[in-house]
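Take a look at the structure set out below.
Quick note: numbers below take in every heavy atom, side chains included, and nothing from hydrogens, waters or symmetry partners.
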Amino acid sequence: MTLGGIIGAIIIGAIIGVLARVILPGRQNISVLITILLGIVSALIGGFVANLIGVRGSSILTFVIELVVALVVVGLVAGTAGRRR
């Protein structure tokens with residue numbers, strides 16, 4: 001992966017994290033920075049999953065898979081972060 005690819009993954013991951021936070025109902029008790037980091041991790045995991053099921057390259061389906069992973073991850077982290085209080 002090139003430097004441009006890494007920067008692109010970070011940007012797409014940040015967008016996916018913020019989208020997941022907007023889509024999820026209710027209030028998430030996590031910071032925006034944590035949301036962005038979770039989006040980056042989710043984008044990497046989602047890209048890996050998309051590759052496993054045969055989706056190649058950048059496509060809308062890859063983006064949707066990454067977004068679904070982000071929804072799950074952000075939802076889980078926000079749910080557990082809210083219970084700590």
Interatomic distance, I36 atom CD1 to I15 atom CD1 [nearest 0.5 angstrom]:
10.0 Å
At their closest point, which heavy atom of I40 faces which heavy atom of I10, and how far apart are they?
CG1-O, 3.7 Å
Shortest non-hydrogen contact from G75 to L24?
N-CD1, 3.6 Å
All heavy atoms of E66 vs all of A43, minimum pair found to be OE2-O, 3.3 Å
Applying a strict under-4.5 Å side-chain criterion to I, L, V, M, F, W and Y, I'd like to know whether V74 and I11 cluster together.
yes
Could you give the distance from CG (L33) to CG (L38), rounded to the nearest 0.5 Å?
9.5 Å
Around atom CD1 of I60, are there more than 12 heavy atoms from other residues, nucleotides or ligands closer than 6.0 Å?
no
Treat each ILVMFWY residue as a node, draw an edge where side-chain heavy atoms are under 4.5 Å apart, and state whether I12 and I23 are in one component.
yes
Testing the basics here: between V69 and I45, what is the closest heavy-atom pair and its distance to 0.1 Å?
CG1-CG2, 4.0 Å
Closest approach of T80 and V77, non-hydrogen atoms and distance?
OG1-O, 3.0 Å
Over all atoms of both residues, closest heavy-atom pair of T35 and R21
OG1-NH1, 2.8 Å
For residues V41 and I7: do they belong to one hydrophobic cluster (side chain heavy atoms under 4.5 Å, members Ile, Leu, Val, Met, Phe, Trp, Tyr)?
yes
Out of curiosity, I65 CD1 to S59 OG, how far, rounded to the nearest 0.5 Å?
7.0 Å
Please say which of T62, L19, V72 ends up in a side chain to side chain contact (heavy atoms under 4.5 Å, CB included) with L67.
L19
